[in-house]
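Numbered from 1 within each chain, the chains take letters A, B, ... in sequence-line order.
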Amino acid sequence: MNLWKEFSKGFVKENPVFIMALGLCPTLAVTSSVTNAIGMGLAATFVLTCSNVIISLIKDLIPSKIRIPCFIVVIASFVTIVDLVMNAYTPEVHKSLGLFIPLIVVNCIILGRAEAFASKNKVLPSILDGLGMGLGFTLALVVIGSIREVLGAGQWLGMNVMPLAYIKSPMLVAILAPGAFIIMGLLMGLINIVNKGK
Amino acid sequence: MNYFVKLGLVLLLITAIASGILAFVNGLTSEKIKANKLVAEQEARKEVLSEASRFEKQTVTLPAVETEPNPLKNKVEAGPRQFIYYLGYNDESAIVGYTFVASQYGYSSEVKTMVGVNLDMSIARIKVIEQSETPGLGANAATADFQGRFVDMNQEQLQVDKDGGAIKSLTGATITSRAVTNSIAEGMKILADAMTEEGK
Amino acid sequence: MSFITQIFTLAVFAVFVNNFVLSKFLGLCPYIGVSKKIDSALGMGMAVIFVMTMASTFTWLIQQYLLIPYNLEYLQTIAFILTIASLVQLVEMVIQKTAPSLYKALGVFLPLITTNCAVLGVSILNIQEDYNFLGAILNGLFSGMGFTLVLVLMAGLRERLDKAEVPEAMKGMPIAFVIAGCMALAFLGFSGLNF
Amino acid sequence: MNNNLIVSAAPHLKAKNMTVKSVMWQVVLALVPAMLAAIFFFGLRSLVLTCYAVVAAVLTEYLIQKLRGVPVTITDGSAVVTGILLAFNLNVASPGWLPVIGSVFAIAIGKQVFGGLGHNIFNPALLGRAFLLASWPSLVTANWTKTQPAFSLMFKSMNSLNLSSLQNVPEAITSATPLAAVKSVRVLAETNPDLAQQVMDRMTSMDTISQLFIGNIGGVIGEVSALALLIGAAYMAFRYIISWRIPMSYILTVFVLTFAFGGLGGLFSASIMLPFYHIFSGGLILGAFFMATDMVTSPVTKKGMLVFGIGAGLLTAVIRLWGGYPEGVSYSILLMNCCVPLIDRWTAPKPFGEVRK
Amino acid sequence: MGLKTFPGGVHSHDNKEYSRQAEIIAMPLPGKVYVHLSQHIGAPAKAIVKPGDEVLAGQKIAEAGGFVSIPMHAPISGKVTKIGSYPHPAGTTGTAIEITGDGEDKWVELIDDAKYNCLSTDEMKKRIAEAGICGMGGAGFPTHVKLSPPADKPIDTVILNGVECEPYLTADYRLMLEQPEAILEGLRLLMKIVGAKQGIIGIEANKPDCIKLLRKATAGDKTIRIDALKLKYPQGAEKQLIYACTRRKVPNKGGLPMAVGVVVQNVGTAIAVYEAIRYQKPLVERVITVSGKIVKTPRNIKARIGTMYSELLDFCEGTTEDIYKIISGGPMMGFAISNLDTPMVKGSSGLLLFNKKEAAKDAEHTCLRCGACVEVCPMNLAPSLIVNNAKYQDWGLVEKYGVMDCMKCGSCAFICPAQIKLIQWIDIGKLEVGKRMRSRSQVGKA
């Protein structure tokens, strides 16, 4: 049961985006469509899980003084792998995520989990932690992406979900930078209200 | 001191392993990435010149134009400019038209357009392949509606309506419209010159 | 265009038009996290300007003289992030030794900068945008200044909102995002600037 | 002794007629001349749109205050002012839902999220406009209607140049607003400097300027008549509702900069009338007197107000001359709104008797 | 017209019409007086009588508690009946000596010193100190202290404050009309004591008759000037008055007028100084304005110190409506008190009574940041910034924005459209910042 807890905490209770406010740059930058959100979320999940595994494996081998550089090397390697693989097999998504794939390296969620969890735990919990956090991150991205895509383009995952009149002149600001910030702020406010209501 | 050497060695080892793995992955994917690019271009060409099934690269050397280099960017190799276009062949190996990529800076980005040209030097179709203009305004250049406005246009008509041409510009985005139109017009001119030269 | 105009244009674009935070979504964590007080925002901003300029310089050199000649472009991410991390360490040690008062002011911010995506971002963008050496350094400098500008403005606004009756649920981070959104709306006014 | 005694801190006297309510409603009153001018030049639809915006603003304020469980203050007039100013920033051809959505955004995100009147950082009406402009750019910028007598007069005089016989009919003639004409002329100057200069001369003629001043121009609802706006502004200045510092420094800065850089031939090549063209066209008068002076979102210090005005003037001139949008007033004011806390902090007055060191 | 004035300030109806025509009249002796031991700034006086002692009017009943302090004298003859706690006009309570009068008004012997003009300055200062004189404009700073500047701060100007910028109050106005000679004589003595070459009497332009009268009286005297000042509040504040008359700016952060070579005294104080030096008469009575729309007969009353406010009001035949607010002093800076059974002190310049409408205060609104308070602040502060930070306990900024330079004239709160009680917040700010400054200086010493 404890393992389930490790896995599920990232969804709501310790959601990296909404609760811990980590990894904000990709959260806002790539969520102008749900497709991008999923792509980014899964890429980050992959890096997070793999680096958690490796780090929990080698944690006893590396001196603590240089652990951060070591973590960064591990993470950067996986990021590069994701980068290359996505470029090869999903070139469209790779193109629209652009700069933000290499920037997964500096996503504080990943280094944060490596430092706070994987470097202190065994492999299995680390995998679950990475998967859970990664999926929580993906979930957050998809939520924001959905709102932005529906409002800003009248579509969801590329499918029309709003009346045609709306799709013709949607509330564009939602997929622009200002809309991203404001929607994020309002969502966090909403979560605060819900949490307080509990 | 020994301790620090050890630290360095550990880090070096990890980096080396990582580099090795990455080199391996890179080897696996690099061909695919290159191929992707070619395929994408090929597909865009097919889209604007649907009758063609095979394309052949042609290069026109243009007289060098004195342009002031941007002192903050890497130097582009000097020398004559090259204009690249493709001859489109159908299954019977007959030429059915030409394609080229037109490019010009628009409102906030370089707008690249793939242009398909019929043998009579009218436009078959165009496709905006790269831009990051303002969504809702300039970005509408990538819509089928706007791209459709170019079909069958000839070189004389290639100007936006505000400049007296036949291309109806996008609402509120004259600059982008102008960039697309003018870049195509320029390419058409070079292409036409190249054709007449060949004809001689 | 003349040399001076080019530099001026680069500066205006990096600071206002393509602001790292408001239009490129880079450096959001410190933008939201270190913007509660004007003084700390200023400190962070100065540190970021410094590190971004240094990082631009070194990563450009590494790219041009190491990665490209040996066909190692796929190691870009790993090389850049290691460069930045060690650079930050080095800067921290140098400042600590040579200028203790500056260290006192900037010290707490320096470790945070390693994971500031604006630094890695500018390094990669310098390569993507094909800047030469001078261009890369200036782009790093101006982008850092753009970051600092909005960071300090944000801190000013948040200090004021600390003293306002913001609804309970919106206090803290939510309102900071809303302000950022409004600032981004205002900064849209610079789009399409053309000298 | 009775128990009615009130014990409160000094002072025990209060200036008359200085209440939030009276200030806000006097601003509404000051906007009436401009409203009348808009009805005269654009027709009754301008009034209808304004009413939509006002009703939406007041309703939104009411609903949110009910939801938040704070006292409802819709009678203080501030939501009304926001509604009017928002509608004044739209063109008369806008669909009716545009001012409604703009008002909802202006009140909800521009004001109530920050805690309501007094706490908002940005001018709500301008924020609403910026939101609409980012969301529906083609609806907000395009579709300028040349209805009513508006505008035709100005360009009738231009047409007398018989430019149409020339090739490349200059865009200036088909531009819908005076400021778009400025942009077009600058574009034209690159290809045909002589023609551009001719158009420019016509633009800066006494004829055109006086038309601009009275209000025969295309544009958004509220900015149509500089004269009507100035009447309202004079009233507010007379009642001490606005201080001269922001509008004057704002307009003077625009004057100087457009004179210096507005000409087609380089520094100071412009006619001295060009700054007047800039001042009386577009939203400068409306912005400088009614929106930059918004108390809540401008500095409180005297020096700060000057800094605010100069900064807004600088940004306006930059956006008008080199920016992507024809008009920069609303963005300039929003940008300066961001700077207000810093301005206040760094221009805090030196106490009387500061010792010079 | 170029009337002299200062930057900032507010315009308000002066409301002086109620009492400006009322000549100063002496009030019948009260049955009991209550002499507070703390009527001034500085250490309280120490009682030297005990219940049961018989005292004469003018007899010293409390001695100065230090250099910055003044002695107290019995205002009437009679018997000390109690030393206890009584309400103070500043809204607090304090120790006072209760004297039950014998109705005979027996005085200690007063000598008319014909050669008072030839006394040494030290002797003059001693007589002033002995007479227990403090500033009568309201603040109540011991006069002899003001007249003893350190040697490195030479004084060249004495300004008499005849501005009386507080609305309603007319006591100084009547004094200037009725006793111009005594005022001028007091001024000359003050000038002599500090060695000043010029004397200025600053009078607000709403008292043209005083200006005319005093100008006539000083026609031949080149050393004394009468300055007509613009009608604006707080024209009578010390620093503002000095600036208006001499264009000199008293340094902020606790600077005193002596830093710019000026001493300011109230016109009432000038008369007290004159009487103290010539007759060695202690300060036991003063003129106080009792006014307000609801007062039946508003008056300028010459009353003994320690007279109950209730008796003053009775002397004015009471009020026509229910009283909703009692103000001790002027309406701008005076204190609202909760009890008419409060004895007047040496600084009591007025007693005002307001009805319900006049006393009503609107609810406080959020600050609109209109900047009106900044516009009017005579000290060139930004009151709204101070108050906003005080509300949220950011004392560092409260101090930075200069709360300690505020003199609490109330102009900001008067003008504020949001009805914010700025002075209340500034009071809190001053208290907190004061604490911080003290603890800082202690740390510095340690």
Option in C:Ser23, C:Pro174, C:Ala180 with maximal non-hydrogen atom pairs under 4.5 Å from chain A: C:Pro174
Heavy-atom neighbours of C:Glu129 CD exceed 12 at 6.0 Å: yes
Proximity breakdown for C:Ile32 and chain A, heavy-atom pairs closer than 4.5 Å: side chain
Chi angles and distances behind the side chain to side chain contact (heavy atoms under 4.5 Å, CB included) call for C:Phe25, A:Thr27: CA-CA 9 Å; C:Phe25 296 110; A:Thr27 304; over 6 Å; no
Heavy-atom side-chain proximity of A:Val173 to C:Leu185 below 4.5 angstrom: yes
Over 12 foreign heavy atoms within 6.0 Å of CZ, C:Phe58: no
Spatial distance of atom CZ (C:Phe177) from atom CG (A:Leu187) [nearest 0.5 Å]: 10.5 Å
Between CZ on residue A:Phe100 and NZ on residue C:Lys24, distance to nearest 0.5 Å: 9.5 Å
Option that, when pairs with chain C are counted at under 4.5 Å, heavy atom only, ranks first among A:Ala76, A:Cys25, A:Ala177: A:Cys25
For A:Gly23 against C:Cys29, the heavy-atom pair lying closest together: N-SG, 4.1 Å
Atom NZ of A:Lys9: over 12 foreign heavy atoms under 6.0 Å: yes
Spatial distance of atom OG1 (C:Thr77) from atom CD1 (A:Ile101) [nearest 0.5 Å]: 10.0 Å
From C:Ile78, C:Leu120, C:Ile84, residue fulfilling side chain to side chain contact (heavy atoms under 4.5 Å, CB included) relative to A:Val105: C:Leu120
Atom pair CD1/CG of C:Ile81 and A:Leu103 - distance to nearest 0.5 Å: 9.0 Å
Rounded distance (nearest 0.5 Å) linking atom CD1 of A:Ile68 with atom CD of C:Gln89: 9.5 Å
A:Val73 side chain near C:Leu82 side chain, heavy-atom distance below 4.5 Å: yes
Contact origin within A:Leu111 toward chain C - heavy atom pairs under 4.5 Å: side chain
Side chain / backbone / both / neither for A:Val30 at chain C, heavy atoms under 4.5 Å: neither
Taking every non-hydrogen atom, the tightest pair across C:Gly181 and A:Ile182: CA-CG1, 3.7 Å
Pairwise distance CD(C:Gln128) to CG(A:Leu99) - rounded to 0.5 angstrom: 6.0 Å
Where A:Asn192 and C:Ala169 come nearest, the two heavy atoms and their spacing: ND2-O, 2.7 Å
Shortest non-hydrogen contact between C:Met170 and A:Gly185, atoms and distance: CE-O, 4.1 Å
Member of C:Leu22, C:Ile179, C:Val178 meeting the side chain to side chain contact (heavy atoms under 4.5 Å, CB included) criterion with A:Phe181: C:Leu22
